[in-house]
Amino acid sequence: MFNLFKKIVNRESPAAERFTYGEPLAEENLDDLRDYTADGIKIDRTKFINMVKKHIKPTGVELDEEMEEMLADYYEIVVRSNANINLTAITDPEEFACKHIIDSLMLSPFLAGSTKRRMIDVGTGAGMPAIPLAITHPDNRFAVIDSQNKRYEFVKFTTERINICNIHIGRMRAEEAGHLALYREQFDFATARAVAPLNVLTEYCLPMVKMEGLFLAMKGDNYQEEVDAAKNAIFQLGGRLEEVQEYKLPGGEKRSIVIIKKVVPCRRDLPRRTAVIKKNPF
């Protein structure tokens, strides 16, 4: 299922070009783009790394130099590529470190103490939380799926540039993946980062989780209304609400992880088609 072979990347290409997904850069602009993106955003890898190191402790991750550089590469690729594809509104290095990297790594305790566990990131977008987790947990295996071609190609581009070899990338809708043997009940964990209401995410994600596995929904501080609205969906999908873990990001923003355990196999007709889910959600 997973590609375990490192990709061979051309490291001789100019820095700005190597870390930018999208339209080719004009040769005469490459020197100017070493410190700044095409839309004038300053790249500050040192400030980014220092902020990650400063706030990494609550995640339980122990960074080595290679991980630091890979995370910095990821930050640079996302921010540079924003000129060509809309990935994030957060481009400040310190804010990116806190709101994207540290937030993603708050799932690390679930991976602690074990290797070869599998996690799928549904609707991954720019690759979060899967890419930061794959960089810092090289002995675990990750999969990402996204239905948008540009985001799929961006994640593919990124993993090749950084040489991340423990991620499988799929271009498809979650309701399609949930019916494929390659994905159905294959993962110890499924996660999604605020891409849809919890009742909808539960139907998308739980079919891909193994029995006794966990669906980890990353939400904000106003999770209670979504949890209440998702009770029937959790029951219909064979899940059980375990708990909600609350935490704060370094800037004080409140976040939460809704933990749903799979205790009964999903019905074979689930997940339903998106149109049906939207028309008649659980």
Side-chain angles (χ1 to χ4, degrees), residues 51-52 54-61 87-90 94-114 117-134 136-137 140 142 144-146 174 187-209 212-263 271 277 281-282:
M51 183 59 71
V52 171
K54 180 179 179 180
H55 296 289
I56 197 72
K57 188 175 180 180
T59 71
V61 172
L87 297 168
T88 178
I90 300 170
E94 295 182 333
E95 193 177 6
F96 192 102
C98 295
K99 293 185 177 180
H100 284 328
I101 303 303
I102 298 300
D103 191 34
S104 294
L105 295 183
M106 293 303 293
L107 294 180
S108 295
F110 295 96
L111 299 169
S114 180
R117 287 194 171 187
R118 292 181 171 182
M119 174 181 284
I120 185 165
D121 180 6
V122 177
T124 189
M128 292 172 276
I131 289 180
L133 287 168
T136 54
H137 298 79
N140 291 283
F142 299 85
V144 300
I145 58 172
D146 202 288
F187 298 92
D188 302 285
F189 307 100
T191 189
R193 197 165 177 250
V195 297
L198 184 61
N199 60 335
V200 175
L201 286 178
T202 299
E203 184 164 356
Y204 285 155
C205 293
L206 266 185
M208 292 184 273
V209 176
E212 303 298 314
L214 299 177
F215 167 39
L216 308 171
M218 305 187 77
K219 293 292 182 178
D221 64 336
N222 56 343
Y223 61 84
Q224 191 59 56
E225 185 177 345
E226 286 196 51
V227 169
D228 292 340
K231 287 181 178 179
N232 186 44
I234 295 171
F235 173 78
Q236 294 284 351
L237 272 294
R240 181 178 67 209
L241 179 64
E242 294 289 276
E243 63 174 314
V244 179
Q245 293 184 0
E246 299 177 337
Y247 61 95
K248 288 184 179 180
L249 295 177
E253 297 89 343
K254 295 180 180 179
R255 297 286 190 270
S256 61
I257 302 172
V258 181
I259 304 170
I260 299 171
K261 187 173 186 177
K262 187 170 184 176
V263 294
I277 294 174
F282 287 133

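Position 1 is the first residue of the sequence; numbering continues from there.
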Practice problem: Tell me, please, which residues at least two apart from Glu212 pass side chain to side chain donor-acceptor pair (under 3.5 Å). | Solution: Lys261
Self-check item: Heavy-atom side-chain proximity of Val122 to Met208 below 4.5 angstrom
Solution: yes
Quiz item: Has the side chain of Asp146 got a donor or acceptor atom that lies under 3.5 Å from a matching backbone atom of Gly125?
Solution: yes
Quiz item: What pairs with Lys254 under side-chain contact (heavy atoms from CB on, under 4.5 Å), at least two apart in sequence or on another chain?
Solution: Asp221, Lys248
Practice problem: Measure the spacing between SG of Cys205 and CD1 of Ile145 and express it to the nearest 0.5 Å. | Solution: 7.5 Å
Quiz prompt | Between CZ on residue Arg240 and CD1 on residue Ile260, distance to nearest 0.5 Å | solution = 12.0 Å
Quiz item: With Thr124, which residues qualify under side chain to side chain donor-acceptor pair (under 3.5 Å), at least two apart?
Solution: Asp121
Self-check item: Check: Lys262 side chain, Leu206 main-chain N or O, donor-acceptor pair, under 3.5 Å
Solution: yes
Practice problem: Output all residues satisfying side chain to side chain donor-acceptor pair (under 3.5 Å) with Asn222, sequence neighbours left out; order by chain, then residue number. | Solution: none
Practice problem: Check whether any side-chain heavy atom of Leu249 lies under 4.5 Å from a side-chain heavy atom of His55, and answer yes or no. | Solution: no
Quiz item: So do the side chains of Val209 and Leu214 get within less than 4.5 Å of each other, counting heavy atoms only?
Solution: no
Quiz prompt | Minimal non-hydrogen separation, Pro271 against Glu203, with atom names | solution = CB-O, 3.2 Å
Self-check item: Partner residues of Glu243 under the side-chain contact (heavy atoms from CB on, under 4.5 Å) criterion, sequence neighbours left out
Solution: Gln245, Ile259
Quiz item: Are any non-hydrogen side-chain atoms of Met119 and Thr191 less than 4.5 angstrom apart?
Solution: yes
Cut-off 3.5 Å, no hydrogens considered: what does the side-chain donor-acceptor table look like for residues 100-112, sequence neighbours left out?
unit_1: His100; atom_1: ND1; unit_2: Arg193; atom_2: NH2; d: 3.4
unit_1: His100; atom_1: NE2; unit_2: Thr88; atom_2: OG1; d: 2.8
unit_1: Asp103; atom_1: OD1; unit_2: Tyr247; atom_2: OH; d: 2.4
unit_1: Asp103; atom_1: OD2; unit_2: Arg193; atom_2: NE; d: 3.3
unit_1: Asp103; atom_1: OD2; unit_2: Arg193; atom_2: NH2; d: 3.0
unit_1: Ser104; atom_1: OG; unit_2: His100; atom_2: O; d: 2.7
unit_1: Ser108; atom_1: OG; unit_2: Leu105; atom_2: O; d: 2.8

Quiz item: Would you say Asn199's side chain and Phe282's backbone share a donor-acceptor pair under 3.5 angstrom?
Solution: yes
Practice problem: Evaluate the criterion side-chain contact (heavy atoms from CB on, under 4.5 Å) for residue pair Lys231 and Leu241; output intermediate values, then yes/no. | Solution: CA-CA 8 Å; Lys231 287 181 178 179; Leu241 179 64; over 6 Å; no
Self-check item: Ile120 side, atom CD1; Asp188 side, atom CG - distance, nearest 0.5 Å
Solution: 12.0 Å
Exercise. Applying side-chain contact (heavy atoms from CB on, under 4.5 Å), name anything that partners Ala134, two or more places apart in sequence or on another chain.
Key: Phe142, Ile164, Asn166, Ile167
Quiz item: What are the two closest non-hydrogen atoms of Ser256 and Gly220, and how far apart are they?
Solution: OG-O, 2.6 Å
Quiz prompt | Which residues share a side-chain contact (heavy atoms from CB on, under 4.5 Å) with Ala196, sequence neighbours left out | solution = Val200, Leu201
Exercise. Using salt bridge (charged side-chain N to carboxylate O under 4.0 Å, His left out) as the criterion, list what pairs up with Arg117, not counting sequence neighbours.
Key: none
Exercise. List the atom of Pro129, the atom of Pro132, and the distance in Å for their closest heavy-atom pair.
Key: O-CD, 3.3 Å
Quiz item: Which heavy atom of Phe215 sits nearest a heavy atom of Ala192, and at what distance?
Solution: CE1-N, 4.3 Å
Exercise. Please name all residues satisfying salt bridge (charged side-chain N to carboxylate O under 4.0 Å, His left out) with Lys99, sequence neighbours left out, ordered by chain then number.
Key: Glu95, Glu253
Quiz prompt | Non-neighbouring partners of Glu94 that pass side chain to side chain donor-acceptor pair (under 3.5 Å), sequence neighbours left out | solution = none
